[in-house]
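Here's a structure for you.
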Amino acid sequence: MAALSGLCSSSPSLKPKHDRVVIPLFRKYSLAFPTRSNSCSKLSVAGEVSADLSKTNSVGVLKKAKQGGLEKDPKALWRRYVDWLYQHKELGLYLDVSRIGFSDEFVAEMEPRFHAAFQAIEDLEKGAIANPDEGRMVGHYWLRNAKLAPKPFLQVQIEKTLDAICKFADDVISGKIKPPSSPEGRFTQILSVGIGGSALGPQFVAEALAPDNPPLKIRFIDNTDPGGIDHQIAQLGPELASTLVIVISKSGGTPETRNGLLEVQKAFREAGLDFSKQGVAITQENSLLDNTARIEGWVARFPMFDWVGGRTSEMSAVGLLPAALQGIDIREMLVGASMMDNATRSSVLKDNPAALLALCWYWACDGVGSKDMVILPYKDSLLLFSRYLQQLVMESLGKEFDLDGNRVNQGISVYGNKGSTDQHAYIQQLREGVHNFFVTFIEVLRDRPPGHDWELEPGVTCGDYLFGMLQGTRSALYANDRESVTVTVQEVTPRSVGALVALYERAVGLYASLVNINAYHQPGVEAGKKAAGEVLALQKRVLAVLNEASCKDPVEPLTLEEVAERCHAPEDIEMIYKIIEHMAANDRALIAEGDCGSPNSLKVFLGECNLDELYA
Ligand SMILES: O=P(O)(O)OC[C@H]1O[C@H](O)[C@H](O)[C@@H](O)[C@@H]1O
C-alpha cells in the first residue's frame, strides 16, 4: 500500500463561527420581473416561493417577481433552446437548460459569484485546503488526471494505485489469484461491504455498466440489517467459497461496515473457509480496517486517500476496483471524467455544463434549496443515479452554517428513480400537485446495440415509446410551469458514466461556492452516530439490570420504571421501553406480565441468568 505520510494527519477541526446568526428575511416575491421577448422571464410562481435574502444568498434579481408564467411562445422557446444548448462533441453529451426560466439579468447578476466559484475550484485543484473544517485538501479531480496533483508524490500514489487495481483485477479474472477451496478454481462473486460513499458509487456503476455475464458478479452489504446480510450470504450459497469480499471504508471504523465484516467472517468460519484468503480492504493506511487486514494477511489492500471524500470516491479504488473486477473498462471511466473535468474548468458560463447546472439549481431553488431536485433517467441501467446523487448533493450541500459561520441551513433535496416507470407513480403530483421541485431528465439516445432493434408496431420501437414518454412528460410539466433540465448522452458507457459523475461533482462544488458553504465535510452525520452509541450503552446497562434480577431466586420480573431506576436513568424510560420491546421481539427478554402495547403494564426478565456477566 502506498505510503500516505503527511496526508493522513488532519489538523484539528476548526469549528464554524457561530457568533453571528443571520436571520433570513423571508418574503414573498412581489416585485415585477422585467420581461424579455426571448427568455422565460415570465414566471408564475408569485406568492409561492420565499427567498432567503441573507448576505450569502441575496441576488437582486431573485428579489424580483417571477411573474406571468414560463415562456410559452414556441418560436421564442426554440430560440432559447438553441441559444443555451450545451454540447460536448467528443463525449456526445448535451445539456438543455431552456426549460429553466432564468433571465439574462439573473445570469449577469450571478457572474461575480461564478467568478469567485471558478477561482475557488481552481484553488482546490491546485491543492488548497478546500475543506477548512477538517484541514484537508480535496483531490478527487486528480484521480483522473494524476498530473494535476499538486505534489509529485501524490501523482505517484495515484498512478501506482491505478496500476495495482488493474493488475489485481486481471489476476483475479484470469484465475492467477484464486480462492483456496473453490471447485471453480477462480473467484466468481464479489461481496462488497461498505456504506454511504463506500457503497453508492459502486452500486450505481454496477447497475449502469456491468455486462450481462460479468467475470465476477457483485452483491452488496451496505447496512447493519441482519436480515439483509443473511439474505446476501444465503444467495451466495456454496459460491461463498469463490467469493472475493471487498471491505470498503475510508475511516476503517464505520460500525455498519465493521458489523458486515464480522457477520461475513462468521459465515466463512461456519462454512469452514479461511476469510483472510478471500478478503480485500480498501481504506486509509493505518485505519483499524487496514491494520486488521494487514495483521490477518488478507489477499490485498488498496489505499483510500485522505484527500478523497467518501461521496467523491467513485474514481478511487472504491469505485474502480469493483468495476474492474466486473469487466468494466475503468480507464474509459477515467477518460470520460477527465474530459468532463476539462470542459467544466471553463470560466465561460455557457461553455461550462457544471456551471450551467449550478446556475439552474440556484435559480430553481432560489439559492436556498426551496425546491427539490427530481432525477429522472429514462434508462433502467441508470436507476441508481438518483440514489448516488442523493448523497453527493445532500451531504455536500446540506449544511447548517456557511463558511463565515452564519446559520444558513442550506441544501437541495434529491429523489427520483427512472422514467417512464415513475410516470405511473408520482408524476401526477409533479404535474398538478405541490410545486416544490424541478426535474432533471437524463436522456439516453441509443436504445439498443446496433442491429437489435425492431418495430413492435409499424414505424415504432419500444425505445420510441420511452423517448415519447420523456418528451411528453417534459412538455406536460413545462406547460404547467414546472421547470426542468435535460442531460442527454448517446449511450450508457464507461466514458459517459465517468462524465456524468464528474459533471455532478463539479456542479456541486460550484454551487457550494455560490452559496458559500463547505461542500466537503459532514458534521451533521456525527449527531446520529453519537446518539446510536448512547442507545447501545444504555442497552448494556438494561441488560445488566435485567440479568441481576433474573439471577435471583425466584426470578424477579421488573417494571419499566424499576429498570429505569436501577439503570439510574429515569429520564430515559422511553428509550428503555424501546430497548426492551426490541429485545423481547428477538427472544432476548421475556415478558412476564402485560404487553408492549401498554408499557405501564409490562414486567420483564431475561430467559437465562448469566452468572459470568453478574460477577464480571
Ligand atoms: O467510508 P467510511 O469511512 O466507512 O464512511 C462511510 C460513510 O460514513 C458517513 O456516513 C459519512 O457521512 C459518509 O460520507 C461516508 O461515506
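Worth knowing before you read on, the calculation uses all heavy atoms, side chains too, and leaves out hydrogens, waters and symmetry mates. Just so you know, ligand 1 is whichever comes first in the structure, and atom 1 is the first atom listed for that ligand. The structure displayed is predicted, hence computed values, not measured ones.
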| Distance filter under 4.0 Å to V525 heavy atoms, resulting ligand 1 atoms | 10 (O), 12 (O)
| message | Tell me the protein heavy atom at minimum distance from atom 14 (O) of ligand 1, and give that distance in Å. | response | E395 OE1, 2.6 Å
| task | Among all protein heavy atoms, pick out the one at the shortest distance from atom 6 (C) of ligand 1; state its residue, atom name and that distance to 0.1 Å. | result | I195 O, 3.3 Å
| query | In terms of ring plane angle, is the pair Y388 and F385 parallel, tilted or perpendicular, where the classes change at 30° and 60°? | reply | parallel
| message | For the 3.5 Å polar cut-off, considering only N or O atoms, please tell me whether G197 and ligand 1 meet it. | response | yes
| said: Taking only non-hydrogen atoms of Q391, do any sit less than 4.0 angstrom from ligand 1? | reply: yes
| field | Proximity of E526 to ligand 1 by residue part, where a heavy atom lies under 4.0 Å | value | neither
| task | Identify, by atom number and element, the atoms of ligand 1 in contact range of K529, meaning under 4.0 Å from any of its heavy atoms. | result | 9 (C)
| field | Atom pair CG/CG of L289 and L261 - distance to nearest 0.5 Å | value | 7.0 Å
| task | Decide yes or no on side chain to side chain contact (heavy atoms under 4.5 Å, CB included) for Y504 and L357, but give the supporting numbers first. | result | CA-CA 8 Å; Y504 274 84; L357 272 185; 3.8 Å; yes
| query | Run the side chain to side chain contact (heavy atoms under 4.5 Å, CB included) check on I517 and L397 step by step: do they pass? | reply | CA-CA 7 Å; I517 54 143; L397 302 181; 4.0 Å; yes
| field | Side chain to side chain, D222 and Q203, heavy atoms closer than 4.5 Å | value | yes
| message | Side chain or backbone, does Q522 bring an N or O within less than 3.5 Å of an N or O on ligand 1? | response | no
| request: Output yes when K167 and D171 qualify as a salt bridge under the 4.0 Å nitrogen-oxygen rule, no when they do not. | output: yes
| field | S198 neighbourhood, listing ligand 1 atoms whose heavy-atom distance to it stays under 4.0 Å | value | 1 (O), 2 (P)
| query | Got a salt bridge between R345 and E125, using NZ or NE/NH1/NH2 to carboxylate O under 4.0 Å? | reply | yes
| request: Pull out every atom of ligand 1 sitting under 4.0 Å from any heavy atom of T254, numbered as shown with elements. | output: 2 (P), 3 (O), 4 (O), 5 (O)
